[in-house]
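Side-chain atoms are counted along with the backbone in the values below, which use heavy atoms only and exclude waters and symmetry mates.
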Amino acid sequence: MVKIIGVRFRDAGKVYYFDPKSYEIHAGNHVIVETARGVEYGTAIGGVREVADDEIVQPLKEVVRVATADDDAHALRCREKEKEAMRICREKIAKHGLEMKLIDAEYTFDNSKVLFYFTADGRIDFRDLVKDLAAVFRMRIELRQVGVRDETKLLGGIGICGRVLCCHSYLSDFAPVSIRMAKEQNLSLNPTKISGVCGRLMCCLKNEEETYEYLNSRMPGQGDTVTTADGRQGTVQNLNVLRQRVKVLFEENEEKEIEEFGVEDLTFRPRRKKEKPAKNREKNKEKDRDKNADGDKNPDKGKNADKGKNADRDNDRESGRNRNHGRNHDKSRNENRSAAGVTQEEGTQTS
């Protein structure tokens with residue numbers, strides 16, 4: 001077993017694990033750690049815990065120390081300097097006429113490097129910009145291009161639910177979200193209704209996906225035929241997935257009647273479970289492997305097919321020759337007739 005401590009360097013940022021050594025660290029404590037970018041100031045997200053050796057990628061970097069009051073004050077000064085760095089960088093971007101939007105600036109704790117985050121539609125040649133910034137700050141400069149989702153995560157905001165954005169408050173990683181999730185939850189497919197501040201599908205569609213998949217698997221589809229406990233058959237008119245209630249339309253003697261039932265009171269053919277794209281890809285790979293195996297077992301099968309194609313081409317060529325031969329034969333006959341007609345006319349005029 002290995003002792004670890006989880007450390008986060010930004011609000012809702014990714015969690016990195018370090019060796020706590022003999023330090024007593026609790027959730028919320030600030031720590032100084034050694035990272036690939038240098039010495040960093042982070043926040044512990046939990047206490048020290050033990051995990052199996054195979055769950056951690058070795059070697060683990062160690063915690064340098066628990067942050068002191070001086071460390072806290074130094075980190076605060078770095079945050080203040082970031083505002084001035086943003087202003088200078090914006091001026092340099094405007095000077096060089098670069099089509100890029102500056103999002104954030106970040107100083108490393110040891111002041112060895114300053115990072116600038118930006119968004120742009122395409123690739124940007126910012127070599128001259130880096131030279132100007134390095135001349136001003138006299139330290140290493142790093143510019144990172146991020147996407148619109150990362151931009152929203154850095155800047156934050158309020159969602160349509162009235163709460164702070166999930167990505168800015170607690171989501172450390174972006175989960176893949178698809179339009180299928182909105183369909184599964186019977187939401188409006190209007191992009192303005194299911195898109196977040198970043199313009200992409202809302203991350204919260206993932207939150208209830210598994211629940212809706214389970215509830216929908218227990219219910220019939222709209223328009224399906226169901227049978228009630230007393231043997232009557234009707235058509236599903238409406239569904240309430242969360243309450244697991246079904247409205248059924250009955251037609252008897254040219255009269256229509258709608259009644260509501262619990263899903264457990266109805267008999268119907270269960271829905272076919274939708275396969276995940278990854279499973280479909282695996283299934284297609286298996287089919288391809290089976291086809292290749294059949295080809296290896298019957299190597300003459302492909303040869304015979306090629307032989308048949310060649311025979312068809314030869315037949316087409318032969319028929320083409322025959323057609324051309326017929327046309328040439330008819331042409332010669334027509335020429336002979338024309339010549340005979342001219343001779344006859346000349347004879348008539350002479351006589």
### Summary
Nearest heavy-atom contact between A182 and L189 is CB-CD2, 4.0 Å
### Message
Can you tell whether the side chains of R87 and E91 come within less than 4.0 Å, N to carboxylate O?
### Response
yes
### Minimum heavy-atom distance V263-P220, with the two atoms named
CG2-CD, 4.2 Å
### Query
Which heavy atom of E106 sits nearest a heavy atom of R10, and at what distance?
OE1-NH2, 3.3 Å
### Query
Honestly, is R232 close enough over F250, meaning NZ or CZ under 6.0 Å from the six-membered ring centre and within 45° of the axis?
yes
### Heavy-atom pair with the smallest gap, counting every atom of A75 and F109
N-CE1, 4.1 Å
### Task
For a side chain to side chain contact (heavy atoms under 4.5 Å, CB included) with V226, tell me which candidate from T235, V246, V236 qualifies.
V236
### Query
If every non-hydrogen atom of I5 is compared with every non-hydrogen atom of G46, which pair is closest and at what distance?
CD1-O, 2.8 Å
### Query
When you measure from the side chain of H168 to the backbone N and O of K153, does any donor-acceptor pair fall under 3.5 Å?
yes
### Query
Does one side chain, of D70 or T68, offer a donor that lies under 3.5 Å from an acceptor on the other?
no
### Task
Using a strict 4.0 Å threshold on nitrogen-to-oxygen distance, state whether K113 and E142 make a salt bridge.
yes
### Task
Decide, yes or no, whether a salt bridge links K61 with E40 under the criterion of side-chain N to carboxylate O below 4.0 Å.
no
### Query
Is the shortest side-chain N to carboxylate O distance from E151 to K101 below 4.0 Å?
yes
### Message
Under a 3.5 Å distance rule, please check whether T152 uses its side chain to pair with a backbone N or O of V148 as donor and acceptor.
### Response
yes
### Query
By side-chain hydrogen bond (donor to acceptor under 3.5 Å, both in side chains), which residues pair with T192, not counting sequence neighbours?
N190
### Task
State, to 0.1 Å, how close F116 and C89 come at their nearest heavy-atom pair, and which atoms those are.
CE2-CB, 3.6 Å
### Query
Do K81 and E84 sit within salt-bridge range, that is, some charged N less than 4.0 Å from a carboxylate O?
no
### Task
Indicate yes or no for a side-chain donor-acceptor contact from D132 to the backbone of K92 under 3.5 Å, with no hydrogens or angles considered.
no
### Message
Is it true that N216 and E184 share a donor-acceptor pair across their side chains at a distance under 3.5 Å?
### Response
yes
### Query
Does a salt bridge link D72 with R77, judged by any charged N lying under 4.0 Å from a carboxylate O?
no
### Query
For atom CZ of R123, is the number of surrounding heavy atoms from other residues, nucleotides or ligands below 6.0 Å larger than 12?
no
### Task
Report the C-alpha separation of I158 and L165 in whole Å, then their side-chain angles, then the decisive distance to 0.1 Å, and conclude whether the side chain to side chain contact (heavy atoms under 4.5 Å, CB included) test is met.
CA-CA 6 Å; I158 304 297; L165 297 176; over 6 Å; no
